[in-house]
Protein chains: 2
Amino acid sequence: MRQPVGDAAPNGRPGRARRPGARESILDAIRASEPLSRVELAALTGLTEAAVSMTVRRLLEEGLVVETGRAPTGGKPRTLLRLDPAARLAVGVYLDQDTTTYVLTGQTGGVISRLARPATDVSGSLLADLTADVDVLLAGSGVDRARCLGIGVVWPGPRGGSTEEGPPRLRGWDPDDLGRRLGATTGWPVLVENDATAAAIGEYWVARVGPEQAFAALYMGGGLGAGIIVEGRAMRGGHGAAGEFGHVCVQVDGPECWCGSRGCLEVLAGPRTVTAAALADPATAAEAGLDHTGRRSVPADFAAVARAAWAGAPRCLALLEDSARYVAAAAESVVNLLDIDLVVLTGPGFAAASFVYGPAIQRRMAAADARTWRRSVTVTVSLAAATASATGAAALVLQSHLRR
Amino acid sequence: MRQPVGDAAPNGRPGRARRPGARESILDAIRASEPLSRVELAALTGLTEAAVSMTVRRLLEEGLVVETGRAPTGGKPRTLLRLDPAARLAVGVYLDQDTTTYVLTGQTGGVISRLARPATDVSGSLLADLTADVDVLLAGSGVDRARCLGIGVVWPGPRGGSTEEGPPRLRGWDPDDLGRRLGATTGWPVLVENDATAAAIGEYWVARVGPEQAFAALYMGGGLGAGIIVEGRAMRGGHGAAGEFGHVCVQVDGPECWCGSRGCLEVLAGPRTVTAAALADPATAAEAGLDHTGRRSVPADFAAVARAAWAGAPRCLALLEDSARYVAAAAESVVNLLDIDLVVLTGPGFAAASFVYGPAIQRRMAAADARTWRRSVTVTVSLAAATASATGAAALVLQSHLRR
DNA sequence: TAACATTCTTAAGCTACTGAACGAAGTAGG
DNA sequence: CCTACTTCGTTCAGTAGCTTAAGAATGTTA
């Protein structure tokens with residue numbers, strides 16, 4: 001949501017904070033905790049029952065919400081409300097290095113259909129390809145196009161996707177510009193975001209995390225990123241560059257990073273470093289089935305190492321466990337700094353290797369959690385970690401529409 | 001602001017986000033950028049000129065704001081508005097280990113008068129002492145008590161103030177309970193906060209930081225903490241424990257910390273570690289004029305080391321520079337993670353040794369800033385670093401009243 | 001002195017919410 | 001089955017806080 005391209009809503013930059021509003025509060029409460037009755041909504045949102053009643057009626061008329069069943073009480077039973085999954089749709093696009101993934105989701109974030117295309121290298125055709133593929137996705141799904149709220153576009157972002165100096169450009173495009181143009185050609189609002197933040201919003205949406213949870217999604221793709229959501233709001237920072245988890249320092253005088261600093265997590269324990277180490281040692285490379293000739297993308301190679309480790313290959317496992325020690329330390333730093341309640345591992349990297357990283361992070365935090373902080377941090381793995389970015393892109397649209 | 005003790009305002013916990021409101025937007029804009037005219041306020045806040053006009057009239061009637069001078073334009077000149085510093089007052093109390101500091105400030109955060117008392121060890125008399133001392137402070141200042149908005153109470157918090165296990169209790173008191181009781185005995189609203197967050201809010205207020213700046217105040221007292229303010233809101237985390245800067249990990253397998261983890265910044269580079277190292281080496285201790293018999297508080301000993309280093313003592317300087325390397329790395333992590341624009345060093349520790357820590361942090365970030373992130377992070381030292389907590393406690397009250 | 005530029009004010013109206021009373025839909029007891 | 005009771009949801013008038021639109025105030029410029 002760097003810019004609500006194609007949308008009239010000003011991004012709050014010049015001025016005061018956005019207003020909550022009954023509509024948003026209610027939809028968000030239902031999203032996080034459906035089914036809910038009107039009285040429960042009043043209690044959860046702090047609105048009066050009258051306000052809830054009026055707002056819910058409008059939501060029912062719009063078809064966003066449906067009444068579904070009742071819950072017995074001492075008196076009149078509660079009528080339970082849910083989001084109608086098919087009432088609104090969103091398209092998510094993930095522009096990965098070598099693949100472009102499209103998903104069509106319903107209002108609750110559930111995937112309706114999917115599409116994957118190899119990335120086209122002809123930079124001039126990117127816009128046309130996207131437009132055509134979104135069209136194919138919608139046509140093939142047989143849904144009412146009028147119900148589609150917009151398109152979320154996610155790209156790997158500046159974080160770690162590149163060893164060149166400076167933030168990488170997306171196949172020659174400026175992301176915001178691409179979003180604006182795509183909005184013009186398709187007629188839909190287009191929202192642009194980086195992979196980690198999108199994955200966090202997707203997880204927040206699909207896994208029904210509530211705004212009372214301080215939440216961090218750690219994302220491993222070509223690099224390491226973090227999406228942070230506190231009080232229901234994604235932290236994007238002063239220049240939209242927050243979440244550079246890969247550049248948390250875990251060793252003061254560590255090796256130099258491409259970013260110009262030293263000891264960054266990514267250079268010590270990032271997926272690129274893991275795969276490079278696997279390739280550098282013939283025995284390890286053999287375990288993972290890697291060689292220099294048939295080299296694929298970083299996430300693909302990393303997944304090969306993870307699969308080998310899962311199958312019992314000791315050298316691959318050792319590589320991952322070494323990496324996980326660093327990642328766990330950095331994760332603990334984030335949790336301590338922001339008082340995070342919930343850590344979710346997501347993205348293709350963690351999807352493949354969560355069996356190592358998950359326990360490592362839990363182990364690292366367990367001691368101090370109970371002993372000092374009197375908290376208990378939950379560490380989980382995303383249910384759809386491998387495709388988190390694409391569904392996150394769609395959730396981006398859902399999230400923004402809720403605040404229409 | 002862990003709890004608005006004695007205040008009726010619910011802390012937003014059950015329900016939706018707080019509303020901004022014209023009054024708050026306007027007062028905050030004037031605070032950050034006075035003097036301002038009504039049209040400028042309209043542009044800054046996003047309100048209409050009509051709304052600004054009405055709201056300002058009310059503020060003028062209340063005496064919070066005054067008209068002061070005019071600025072020529074092509075047409076009718078602008079009438080400039082300022083906060084009236086003396087219109088409202090706030091009391092800040094800092095409960096340090098061995099001293100209790102009281103300040104009385106005006107509406108702009110300027111200190112009107114001060115009071116310091118040695119900490120009483122009789123835990124039963126703390127409440128009575130506070131009540132009496134606040135009374136003395138106000139009486140001695142000759143101000144209208146009705147103008148006082150409330151009392152902010154700040155304590156060193158769980159962070160690093162103790163080597164015992166578990167969060168330390170404040171001379172036997174639960175901070176929230178103390179606040180509640182103090183509110184009852186004095187009749188004023190009492191807000192309770194930890195030192196680092198309070199210092200951040202104080203700096204935000206006094207130094208006129210605007211909400212568009214993502215801002216971190218690094219605080220060194222008995223330990224290391226951070227107050228983080230993004231979009232004008234202090235980050236307190238899920239359980240009010242955010243800002244544990246001292247427990248950012250800067251060495252994966254570093255020495256064990258009292259918190260139960262390893263390689264925490266505080267155990268490698270905190271003030272306690274620096275003073276312990278100075279005492280352990282006789283030559284260094286001699287430079288700093290320290291010995292085991294006349295040992296004082298951690299901040300006092302640390303200040304002695306810093307003074308010696310400033311005077312040219314090489315061993316003391318080396319100790320501080322070693323500490324600063326770690327602090328700089330951790331600061332860089334925070335900046336990268338949250339896309340921070342402005343870092344302010346504050347608290348007695350940094351007040352004494354900023355000549356080492358400031359340049360070290362700037363050096364560490366300069367390379368990657370220009371090369372990779374295309375940002376420029378400002379690192380400054382608080383103007384009143386040594387008393388930041390007490391003025392921050394008062395600012396806490398001002399901040400909360402603005403949102404009455 | 002008239003025309004213009006800009007700032008600030010006034011007045012009517014709109015939107016979204018609140019408060020309080022009321023209607024609706026169940027259970028429990030006789 | 002009827003009554004009392006409980007809890008849920010709605011209705012309606014009122015209000016706070018804003019916007020839109022018009023206009024008054026206060027300066028400069030030709």
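In what follows, chains are A, B, ... by sequence order, proteins preceding strands, each numbered from 1.
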* Asked: Can you list, by residue number, the residues of residues 29-39 of chain B that have a non-hydrogen atom closer than 4.0 angstrom to DNA chain D?
  -> none

* To do: Tell me which of Arg57(B) and Met54(A) sits closer to the 5' end of DNA chain C, going by the nucleotide each one is nearest to.
  => Arg57(B)

* Glu40(B): partners by side-chain hydrogen bond (donor to acceptor under 3.5 Å, both in side chains), with sequence neighbours left out -> Ser37(B), Arg78(B)

* Taking the side chain from Gln107(A) and the backbone from Ala86(A), do they hold a donor-acceptor pair closer than 3.5 Å? -> no

* **Any pair counted as side chain to side chain donor-acceptor pair (under 3.5 Å), so long as it reaches residues 64-75 of chain A, sequence neighbours left out** => Arg38(A)-Glu67(A)

* Length of the line joining Glu67(A):CD and dC8(D):P, which is rounded to integer Å -> 15 Å

* Would one find a side-chain N or O of Thr79(A) under 4.0 angstrom from OP1 or OP2 of dC8(D)? -> no

* Counting heavy atoms from C-beta on, name the nucleotide in dC18(D), dT18(C), dT9(C) closest to the side chain of Ser53(B). => dT9(C)

* Asked: Quantified as the angle between the terminal helix axes (five pairs each), what is the overall bend of the helix from dT1(C)-dA30(D) to dC22(C)-dG9(D) to 10 degrees?
  -> 0°

* Checking side chain to side chain contact (heavy atoms under 4.5 Å, CB included) against Val56(B), which of Leu81(B), Ile30(B), Thr79(B), Leu64(B) comes through? -> Leu81(B)

* With DNA chain D as reference, determine whether Glu49(A) or Glu49(B) sits nearer its 5' end, using the nearest nucleotide of each. => Glu49(A)

* Non-hydrogen atoms of Val154(B) and Ala198(B) that approach each other most closely -> CG2-CB, 3.2 Å

* Structure fact -> From CG of Leu81(B) across to P of dT7(C) the rounded distance in Å is 13 Å

* Asked: Do Thr186(B) side-chain atoms and Leu182(B) backbone N/O form a donor-acceptor pair below 3.5 Å?
  -> yes

* State plainly whether the residues Glu231(A) and Arg236(B) are in salt-bridge range, i.e. N to O under 4.0 Å. => no

* Asked: Any idea which heavy atoms bring Thr108(A) and Pro85(A) closest together, and the distance?
  -> OG1-CB, 3.8 Å

* Sequence neighbours left out, what passes side-chain contact (heavy atoms from CB on, under 4.5 Å) with Ile112(A)? Give chain and number order. => Leu89(A), Leu104(A)

* Asked: To the nearest Å, how far apart are Glu24(A) CD and dA16(C) C1'?
  -> 15 Å

* Using a 4.0 Å cut-off on protein heavy atoms (strictly under), produce a 5'-to-3' string for nucleotides 20-30 of chain C with B for base contact, S for backbone-only sugar-phosphate contact, and - for none. => B---BBBS---

* Atom-pair distance (CG on Leu41(A); C1' on dT10(D)), nearest Å -> 15 Å

* **Value in whole Å for how far the P atom of dT9(C) lies from CZ of Arg58(B)** => 13 Å

* Under a 4.0 Å N-O cut-off, is there an ion pair linking Arg31(B) with Glu24(B)? -> no

* Do Asp177(A) and Arg181(A) sit within salt-bridge range, that is, some charged N less than 4.0 Å from a carboxylate O? -> yes

* What is the distance from CZ of Arg78(B) to P of dA5(C), rounded to the nearest Å? -> 16 Å

